[in-house]
Amino acid sequence: MNQLDRRHEDDAAFAAFVEVAEPRLRRALVAVRGPDDGRDAAAEALAWAWQNWDRVQALDNPVGYLFRVGQSRSRQRLHGHLPDRRPDRHAPYVEPGLAPALAKLTPTQRTAVVLHHGCDWTYTEIADALGITKTAVGTHIARALKRLRRDLNIEVTS
Amino acid sequence: MTDLRAVMHDYVDQANTGVDSISLDEIRHLATTLELPDRDLEVDAPTAVPWYRHRRLPVAAVLALLALTIGTLALLSGRDGGMADDPEPPAPHVPSPLDLFPRDVEVELHHRSEADGGASMTTAVDQRATVDEWQQFLGIDPTAVTRISEWRPAREQLLVAIEGEIDPTALEAALASDPNWASLTTSVERGGATVTVREADRTEAPVRTPFGPMQSHAIAMVDGTLVVGSDAEVVLLALDRAARADTLGHVPGVQTLVDDAATLVSTDLYAPPSDPPLWYDAWLIGRHVDEPRRASLAIRVADGHDPGAIRDRIDDGLIFELLQSSGAPAVDVRVDGRVVTVVATYALEPAGPILDRLREASLIVAERPSDARPWLVIALVALMLGLAVFAAYVDRRNGGGRGRGPRTSQMSEWAAMHTRNNSGWGVGGYDGGHVSATVVALGTVALAASAAGADRRTDDWIWAVVGFAVAGALLALSRRWSHRPPDPEPTLDDLVNDELKRQRGAGGTV
């Protein structure tokens, strides 16, 4: 296989990867970092993945890793602030007390609970993305749910 | 009730409303226009580790060390004094004319009369005794008398102690020249004092004295106090009481004997032949002679010593000693709280010698603590080592010593987690905080154990328990609060290579 063939193969593989990973990555980063910064972070993370495709494609959980890359890029602009959510009349209704309740959580708790319950990420994916253990993920989510339950009177279903 | 998962989905959907997807072309364009070196992905440590997490462990360590220092100083001060925890010890016994009288009787006190300018000294018996009568009877000037103590043990029995400026020569002259008592005068020696017993002629009426009419009486001088009794027996018993009180008076309590702990009599007396002498802290707080052959002695055992051990010691030593003497004593040693009471009853001997032996029994004085300096040195070295390790740990956390800035990397944490690089001393393992806490704990335990083993003081065991508790708390806190520092901090290339190696096995390359 010559170099050109390999390049084409990589392009095809990366395109397939983006097709699957982009929605998940963007959805998660936008949820955590806001529409503008989250999208930019996701784009930069995917760009970095393209630059380092040989490495990324060998990872078990590339989306989690890219989430971490994107979060790192985003954190250079936003240090722990909740995204500015502009009301959109086309957007779905959201429990009005949720954002203030999420703001009370620690950044790790907030990210973990949003990724798990809002983006349907598994504990393993979240653990990889946050660089913590699965047990720690469970602990953060449990504590987050406890506080949310207390603040919102929300029924928690697992 | 609202379902949280639905609410969270709505929340994420709302956040993504209006956000366009990222096209492949946009990604490629971005990759060509943006330079994304690996190191740009590192984040600064302060965002990863809150500032207070850097301070909790040092504060906890400082508090723990402060507690250890205070405890150590308290422990050592208790050793030096030997009786640091005990309040005011009993005052030493001061010899007094009242020693002539039994402790539980009522003694009537008379002072020089001010009504007649001190010309007369009134007594309960005869308030009209003149100066001449005093001079003739005892050769003393009543104006020089400061106090008269008077006790009537029975009808027609009298015991008087006269204090003041009494000239022994004048007394002897009066005793020799008083014509009323020339018929029968004898002398009895008792305890170094001479008791002059005088009797009047029985055929005549009792002789008038400052203490009333008397047919006979006994007179003695004891420590500058003139003792006058209605008969010889009363005076002799008074002399015995004074002698015992005087003897005990020179034992002002065991406390002052600490410096003379090597007193042979106490060592020989209370060390059973098979045991080495042991010394304890105790105060002599009571001594009584229950006439005629029963005596008791009470000591209060200082905090830190076991009253039960002292009771056993007295049982062994005192009974052993007393059995060597005549009289077949019965000794009962009781413990009531920290007070040990010894009651001895002789079948034959008078109580005086019993009390002397009991007094000697009280010479169980301060145990000389063995030299705990080696242990102390070990403990201090352990503490210093703990501090050193802790300082190195803090230094490493702050990036010192390796030329790196105070940075950590979430990437490195991520990589460390994936590469399972937990060697026990690095990330997620047994770090410097635990080591320092362990060393401090060992130092505390060594110090407490040395103190406890040195002289078997009960409170030292309490300190040992406190040491264990402090050490355990410190360990728990250090484990809870210590942050896992990534070490060394790899580059992104290193991280990804490590991950690939882990996935592909050894020898994998990128």
Side-chain angles (χ1 to χ4, degrees), chain A residues 14-15 18 22-23 26-28 30-31 34-35 38-39 42-44 46-52 54-55 58-60 65 68-69 72-73 75-76 79-80 83 85 88 90-95 98-99 102 113-114 117-119 127-128 130-133 145 148-149 152-157, chain B residues 1-24 26-38 40-44 46-48 50 409-418 428 486 492-493 495-497 499-500 502-504 508 510:
Chain A
F14 182 73
V18 168
E22 187 272 338
R26 172 176 45 82
R27 180 178 172 85
V30 166
R39 188 181 183 283
E44 292 188 13
L46 290 170
W48 183 89
W50 169 241
Q51 287 182 330
N52 301 273
D54 284 346
R55 304 174 187 176
L59 296 174
D60 283 342
Y65 182 66
R68 195 166 177 76
V69 172
S72 297
R73 295 291 295 173
R75 190 174 287 122
Q76 293 177 355
H79 283 277
R85 303 196 175 280
D88 188 329
H90 300 295
Y93 169 80
V94 175
E95 168 69 37
L98 181 59
L102 287 172
V113 75
V114 167
H117 287 288
C119 302
D128 287 349
L130 298 183
I132 57 180
T133 64
L145 292 180
L148 291 175
R149 184 185 299 120
L152 298 175
N153 192 26
I154 286 180
E155 179 185 6
V156 176
T157 57
Chain B
M1 287 288 200
T2 310
D3 180 75
L4 177 64
R5 187 176 293 274
V7 171
M8 294 300 298
H9 269 283
D10 291 343
Y11 175 83
V12 175
D13 289 343
Q14 185 199 50
N16 280 273
T17 300
V19 177
D20 298 330
S21 61
I22 305 168
S23 67
L24 195 58
E26 184 180 356
I27 294 171
R28 287 172 175 163
H29 175 73
L30 195 61
T32 55
T33 55
L34 285 181
E35 293 183 357
L36 296 170
D38 294 347
D40 284 352
L41 300 174
E42 294 178 355
V43 293
D44 293 337
T47 59
S409 169
Q410 292 187 347
M411 287 296 182
S412 59
E413 293 179 10
W414 179 86
M417 180 188 70
H418 282 263
L492 191 57
D493 279 337
L495 305 179
V496 177
N497 283 332
E499 173 64 11
L500 293 177
R502 187 186 71 80
Q503 294 181 9
R504 295 175 178 175
V510 179

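The figures here come from the full heavy-atom set of this structure, side chains too, leaving out hydrogens, waters and symmetry mates. For clarity, every value in this text was computed on a predicted model and none was experimentally measured.
- At distances below 3.5 Å, at least one donor-acceptor pair connects side-chain atoms of R39(A) with backbone N or O atoms of D20(B).
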**OP:** Take M8(B) and L98(A) through the side chain to side chain contact (heavy atoms under 4.5 Å, CB included) test and state the conclusion after the steps.
**Re:** CA-CA 8 Å; M8(B) 294 300 298; L98(A) 181 59; 4.0 Å; yes
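- Residues N16(B) and A31(A) come closest through the heavy atom pair ND2-N, 4.3 Å.
- Taking both residues in full, the closest heavy atoms of I22(B) and A42(A) are given as CD1-CB, 3.6 Å, listed atom of the first, atom of the second, then distance.
- C119(A) approaches V12(B) most closely through the heavy-atom pair SG-CG1, 4.1 Å.
- Here the closest heavy-atom approach between residue P35(A) and residue A15(B) is recorded as CB-O, 3.9 Å.
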**OP:** Decide yes or no on side chain to side chain contact (heavy atoms under 4.5 Å, CB included) for L30(B) and W50(A), but give the supporting numbers first.
**Re:** CA-CA 10 Å; L30(B) 195 61; W50(A) 169 241; over 6 Å; no
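- Only the side chain of V18(A) has a heavy atom closer than 4.5 Å to any heavy atom of chain B.
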